[in-house]
Amino acid sequence: MVEQLVAFALGFSICGLIGLAFLPLVSARARRLTLKSIEERLPMTFDEIEADRDLLRARFAVEKRDLEIAVERERRSRAGEAAELGRRTAALVQAEERIRAAETELAARDALLTQALQHGESLRTELAETGARLATREQELMAKTGQIDTLTEAHRALKAELGSFRAQLQQAEARNHAFDARRERLIAKIKAEGKRVEQAEAEIKALRDLSDQPGGVAIAELRSAILDLGRQVVAQDQARQDQAVQDQPAQDQVDPNQACPTQP
């Protein structure tokens, strides 16, 4: 390994020495070639120098004009680009303003949409509550309808009972009128019987006066017969009065169920 390294180092050193030996020759040839090319490019007379200078001036003037034209063209292009950039900047500003307005409007619409959704939820809740109340009211209405039907039937029954009660009342009034007429007749008969009793009492008194005189045995018998007759008349009058008193409650009495109709 060491021998190979040593051999490589020796070879490299020998090559370097050979290169150093040929270096002056290469350098001298390069110098000669460079000088020759410079001499070929340089003018040899004053006219050639002036011509070369004029050529350079012309080239410089042409290049300057080309540069001026290029600068002017570039300036115009830059001006157009600046104008276009200004227009684009204005359009961009307007677009940004429109975007901001659209964002503001979108935020407002979002707020309105949120409010509308909340209002819709509240309306939905109210609608559900209203539906529940409506169902309750419908049930109550059905119950009320049943009660109204019941009351209607009861009203019809009451009207029927009232009609029967009115008919019975008319019959009772007719019986009362008949009873009043009969009572008037009975009162007239009682008054007539009273007058007859008074006459009989007067006759009895007269007979008593006669019985106190002589020969009053026949008169006493007659008075006894008259007293019996008076007692019979009084008994008949009492029996008529009792019959009238018994007929009066029967005529005035009315069925309570007919007088006061049953409430539903």
Side-chain angles (χ1 to χ4, degrees), residues 1-140:
M1 184 68 182
V2 177
E3 293 178 353
Q4 292 177 358
L5 292 175
V6 171
F8 180 76
L10 288 174
F12 184 75
S13 299
I14 292 168
C15 290
L17 290 173
I18 293 171
L20 288 174
F22 286 99
L23 182 61
L25 297 175
V26 176
S27 177
R29 185 172 176 78
R31 188 181 303 113
R32 284 194 305 269
L33 293 175
T34 303
L35 289 173
K36 186 178 181 180
S37 63
I38 291 171
E39 288 176 354
E40 289 178 353
R41 286 197 301 269
L42 289 175
M44 300 305 291
T45 63
F46 183 75
D47 293 331
E48 291 178 355
I49 293 172
E50 288 293 332
D52 191 12
R53 185 180 295 175
D54 293 336
L55 181 61
L56 290 175
R57 287 177 180 174
R59 287 180 179 176
F60 179 74
V62 172
E63 290 179 356
K64 183 179 179 180
R65 183 58 184 169
D66 291 337
L67 289 174
E68 288 178 355
I69 293 171
V71 169
E72 187 68 22
R73 188 184 298 113
E74 189 68 22
R75 187 177 297 168
R76 291 177 182 175
S77 177
R78 292 293 178 86
E81 290 179 357
E84 184 66 23
L85 182 61
R87 289 194 296 271
R88 291 183 179 181
T89 304
L92 182 61
V93 171
Q94 293 177 359
E96 289 179 353
E97 291 179 354
R98 289 196 296 270
I99 289 171
R100 292 193 187 95
E103 289 177 351
T104 305
E105 185 177 0
L106 183 61
R109 288 184 179 180
D110 290 337
L112 291 175
L113 180 61
T114 304
Q115 293 178 359
L117 290 174
Q118 293 177 357
H119 186 62
E121 291 295 333
S122 62
L123 287 177
R124 188 177 298 171
T125 304
E126 291 179 358
L127 183 61
E129 294 177 355
T130 304
R133 289 197 297 269
L134 183 60
T136 305
R137 291 297 177 86
E138 287 179 354
Q139 294 177 358
E140 293 179 355

Roughly how far, to the nearest 0.5 Å, is the [atom2] atom of [Y] from the [atom1] atom of [X]?
X: Arg53; Y: Leu55; atom1: CZ; atom2: CG; result: 12.5 Å
X: Leu56; Y: Glu63; atom1: CG; atom2: CD; result: 9.5 Å
X: Leu112; Y: Glu105; atom1: CG; atom2: CD; result: 10.0 Å
X: Ile18; Y: Leu23; atom1: CD1; atom2: CG; result: 13.5 Å
X: Leu123; Y: Leu117; atom1: CG; atom2: CG; result: 11.5 Å

Residues 93-102 side chain polar contacts: donor-acceptor under 3.5 Å, at least two apart:
none

(message) Ignoring hydrogens and geometry beyond distance, is a side-chain donor-acceptor pair present between Thr34 and Arg31 at under 3.5 Å?
(response)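 No, Arg31 and Thr34 have no side-chain donor paired with an acceptor closer than 3.5 Å.
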(request) State, yes or no, whether a side-chain contact exists between Glu68 and Lys64 at a heavy-atom distance under 4.5 Å. (result)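 SC-SC contact between Glu68 and Lys64 confirmed.
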(message) Within the structure provided, determine whether Glu121 and Arg124 are in side-chain contact (heavy-atom separation under 4.5 Å).
(response)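 Touching, per the 4.5 Å side-chain cut-off.
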(request) Would you check if the side chain of Ser77 reaches a backbone N or O of Arg73 as a donor-acceptor pair within less than 3.5 Å? (result)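 Absent.
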(message) Looking at His119, is its backbone amide N or carbonyl O close enough to the side chain of Ser122 to form a donor-acceptor pair, meaning the two atoms are under 3.5 Å apart?
(response)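 Here the side-chain-to-backbone pair exists.
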(message) Tell me every residue that passes side chain to side chain contact (heavy atoms under 4.5 Å, CB included) with Glu140, counting only those two or more places apart in sequence or in another chain.
(response)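 If we apply the side chain to side chain contact (heavy atoms under 4.5 Å, CB included) test to Glu140, skipping adjacent residues, the hits are Thr136, Arg137.
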